[in-house]
Amino acid sequence: MNQKKNKLDKVELNACFLNKKNPFELFKVWMAKAKKTEINDPNALALATADSKKQPSVRMVLLKGLTGKEFIFYTNLKSKKSHELIKNPKASMCFHWKSLRRQVRVDGMVKKVSKKIADQYFNSRPYGSRIGAWASIQSAPMQSRADLLKKIQEFKKKFPENRKVPRPPYWSGWALQPKEIEFWLDGENRIHERLKYKKFGSSWKKQILYP
Ligand SMILES: Cc1cc2nc3c(=O)[nH]c(=O)nc-3n(C[C@H](O)[C@H](O)[C@H](O)COP(=O)(O)O)c2cc1C
């Protein structure tokens, strides 16, 4: 069964290697597959940033937008990651789908999404998440959890559920425009398959890499 699945996967990768000029098309195929097989959060990715002393740091975020040119996630603009991205707008993303034994790496430059896009996404979030965005000074030290719970109650009073909750000015999205995207597919005896796309101007060039 597993062998059969592996063969199918290889055909899929090779076919994509031959046919897909744009890595976003291949990413969408892989993400659609992951949505069917991952227990939860197929859109989870590890996001690496680096501070002004070049110290990298990595944490998970959720992919909430894919435009064909950009990978978008949302966060607090006062968080550690945002501070780092403001000073050094380069980032690296890594998706790992255990159920498929696949990985996708995405490197590039980030910029903040427009206010309109951020508002649209913020308004689509559940009420509790919108209130949480107001109450949490993400990544700042907290005296006690009770302080946070108190702030949540205060913001619930300020923005009742039946009224519009505006987007906090310190909460928005980052869009990563990739320069490189690499697809990794598990192979027998660790003879994995790797396909890397690099962007030159407006077009993508592909190469396969040793595993
Ligand atoms: C599966 C998963 C998904 C997450 N998604 C997000 C997200 O989309 N945005 C976010 O700000 N934090 C998210 N977090 C929390 C971050 O990993 C992190 O704790 C937080 O953003 C603070 O990171 P920072 O101090 O490096 O800025 C997620 C955590 C996990 C485990």
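Computed from a predicted structure; not experimentally measured. In listed order, ligands and their atoms are each counted from 1.
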If you count the atoms of ligand 1 from 1 in the order shown, which ones are under 4.0 Å from a heavy atom of [X]?
| X | value |
| --- | --- |
| S79 | 27 (O) |
| M60 | 2 (C), 4 (C), 5 (N), 6 (C), 13 (C), 14 (N), 15 (C), 16 (C), 17 (O), 28 (C), 29 (C), 30 (C), 31 (C) |
| T75 | 10 (C), 11 (O) |
| S139 | 22 (C), 24 (P), 25 (O), 27 (O) |
| Q138 | 10 (C), 11 (O), 12 (N), 20 (C), 21 (O), 22 (C) |

**Report entry** Part of K64 with heavy atoms under 4.0 Å of ligand 1, whether side chain, backbone, both or neither
**Finding:**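 Answer for K64: neither.
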
Residues at least two apart in sequence or cross-chain that pass salt bridge (charged side-chain N to carboxylate O under 4.0 Å, His left out) with K90, listed by chain then number, are none

Which label fits W97 and F27: parallel for a plane angle under 30°, tilted from 30 to 60°, or perpendicular past 60°?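 Tilted.
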
*Do the ring planes of W184 and H192 sit parallel (below 30°), tilted (30 to 60°) or perpendicular (above 60°)?*
tilted

Return the residue, atom name and 0.1 Å-rounded distance of the protein heavy atom closest to [atom].
| atom | answer |
| --- | --- |
| atom 5 (N) of ligand 1 | V61 CA, 3.3 Å |
| atom 1 (C) of ligand 1 | D41 OD2, 3.8 Å |
| atom 21 (O) of ligand 1 | K81 NZ, 2.6 Å |

### Task
Before giving the answer on side chain to side chain donor-acceptor pair (under 3.5 Å), spell out for S139 and K78 the whole-Å C-alpha distance, their side-chain angles and the decisive distance to 0.1 Å.
CA-CA 8 Å; S139 312; K78 293 181 179 175; over 6 Å; no

When rounded to the nearest 0.5 Å, the distance separating NZ of K151 from CE of M142 is 10.0 Å

| message | Do K205 and F200 form a cation-pi contact, if we require the NZ or CZ to be under 6.0 Å from the six-membered ring centre and within 45 degrees of the ring's axis? | response | yes

Ligand 1 and [X], any nitrogen or oxygen pair closer than 3.5 angstrom?
| X | value |
| --- | --- |
| L62 | yes |
| Y74 | yes |
| R59 | yes |

Query - Residue that, paired with E70, satisfies salt bridge (Lys or Arg N to Asp or Glu O under 4.0 Å) out of K111, K64, K112 - result: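 One option only clears the test, and that one is K111.
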
- Query: Given the rule in the salt bridge (charged side-chain N to carboxylate O under 4.0 Å, His left out) test, do E84 and K80 qualify, once you have shown the distances and angles that lead to the verdict?
  - Reply: CA-CA 6 Å; E84 293 187 356; K80 177 177 163 70; 3.0 Å; yes

| said: Salt bridge or not between K196 and E180? Use side-chain N to carboxylate O under 4.0 Å. | reply: yes

Contact with ligand 1 for F73, non-hydrogen, under 4.0 angstrom:
no

State whether any protein heavy atom lies less than 4.0 Å from atom 23 (O) of ligand 1.
->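 Yes; the ligand atom in question has protein heavy-atom contact below 4.0 Å.
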
